[in-house]
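What you see is a predicted model, and the numbers here were worked out from it, not measured in a lab. Throughout, a chain's letter reflects where its sequence line sits, starting with A, and its residues are numbered from 1.
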Amino acid sequence: AAGVIQSPRHLIKEKRETATLKCYPIPRHDTVYWYQQGPGQDPQFLISFYEKMQSDKGSIPDRFSAQQFSDYHSELNMSSLELGDSALYFCASSFAGEITDTQYFGPGTRLTVL
Amino acid sequence: AQTVTQSQPEMSVQEAETVTLSCTYDTSESDYYLFWYKQPPSRQMILVIRQEAYKQQNATENRFSVNFQKAAKSFSLKISDSQLGDAAMYFCAYLGIGDYKLSFGAGTTVTVRA
């Protein structure tokens with residue numbers, strides 16, 4: 001079965017640079033979520049989109065922005081990167097018509113800020 | 001905000017034996033969803049099992065089963081016939097009806113001894 005695709009899988013950036021993470025949801029899924037997982041921590045919710053509209057917002061820094069496009073893929077844009085932004089970034093997707101709204105996670109993008 | 005508590009940072013189990021992971025949560029809602037996710041060393045987040053709060057019957061997926069005690073707000077995961085491939089971090093997660101944000105516990109690391 002098709003899964004959530006994230007690219008790139010690994011990314012190394014310098015401080016103050018920008019990064020763009022991409023997420024391609026499971027076909028037919030209409031909702032996308034972004035989570036950040038620091039070392040030894042549980043995933044923290046950043047933001048979500050349903051039918052290309054922002055549906056919820058968590059602890060996402062103002063330096064970050066995201067959007068969902070007409071083909072339902074999503075991009076997380078991160079500017080003025082800081083050392084503390086080094087983390088594993090997960091994208092998840094779900095289908096609103098499913099009863100349990102189960103979120104299926106992608107493999108993650110490991111961002112390292114030097 | 002909902003709080004999810006996993007009180008066991010680490011659990012160890014002998015291969016072929018059974019291990020139970022505990023999870024408690026705090027909510028004022030009467031209906032919601034609960035999940036267990038597995039995160040192996042690859043860091044991929046894999047859905048293990050899910051439970052709808054309105055269902056009294058405990059969910060089961062092959063060797064994985066839950067003990068859902070709604071009044072006690074408890075949601076434990078039992079892994080039967082443990083296998084080496086079960087070694088991972090296990091996260092308990094809560095999702096409110098109509099919510100987008102998954103609230104995770106801190107995780108329990110499961111080690112399987114051969």
Practice prompt. Could you tell me which of B/Leu47, B/Ile46, B/Asp99 has the largest number of non-hydrogen atom pairs under 4.5 Å with chain A?
Written response: B/Leu47

Worksheet item: With a 4.5 Å limit on heavy-atom distance, are the side chains of A/Arg110 and B/Arg43 in contact?
Response: yes

Item to complete: Say whether A/Leu114 and A/Tyr89 are linked into one hydrophobic cluster, either directly or through other cluster members, by side-chain heavy-atom distances under 4.5 angstrom.
Response: no

Discussion item. Let me check something: do B/Phe104 and B/Phe68 share a hydrophobic cluster, defined by ILVMFWY side-chain heavy atoms less than 4.5 Å apart, either directly or through other members?
Written reply: no

Worksheet item: Does A/Leu81 share a hydrophobic cluster with A/Leu11, counting links as ILVMFWY side-chain heavy atoms below 4.5 Å and allowing steps through other members?
Response: yes

Worksheet entry | Residues from residues 46-64 of chain A approaching chain B under 4.5 Å (heavy atoms) | A/Ser48, A/Tyr50, A/Ser55, A/Asp56

Worksheet item: Which residues, numbered in order, of residues 20-45 of chain A come under 4.5 angstrom of chain B by heavy-atom distance?
Response: A/Thr31, A/Tyr33, A/Tyr35, A/Gln37, A/Gly38, A/Gln41, A/Asp42, A/Pro43, A/Phe45

Discussion item. Please tell me whether B/Tyr25 and B/Tyr33 are part of a single hydrophobic cluster in this structure, the criterion being side-chain heavy atoms less than 4.5 Å apart.
Written reply: no

Practice prompt. Just give me the residue among B/Leu95, B/Ile97, B/Leu102 that pairs up with chain A most often, heavy atom to heavy atom, under 4.5 Å.
Written response: B/Leu102

Discussion item. For B/Phe91, which atoms come within 4.5 Å of any heavy atom of chain A: side chain, backbone, both, or neither?
Written reply: side chain

Response to the item:
To the nearest 0.5 Å, atom OH of B/Tyr37 lies from atom OH of A/Tyr104 at 8.0 Å

Fill in: Inter-residue atom distance B/Phe35.CZ - A/Thr102.OG1, 0.5 Å rounding
4.0 Å

Discussion item. Walk me through whether A/Phe105 and B/Gln39 qualify under side chain to side chain contact (heavy atoms under 4.5 Å, CB included).
Written reply: CA-CA 11 Å; A/Phe105 283 74; B/Gln39 188 173 42; over 6 Å; no

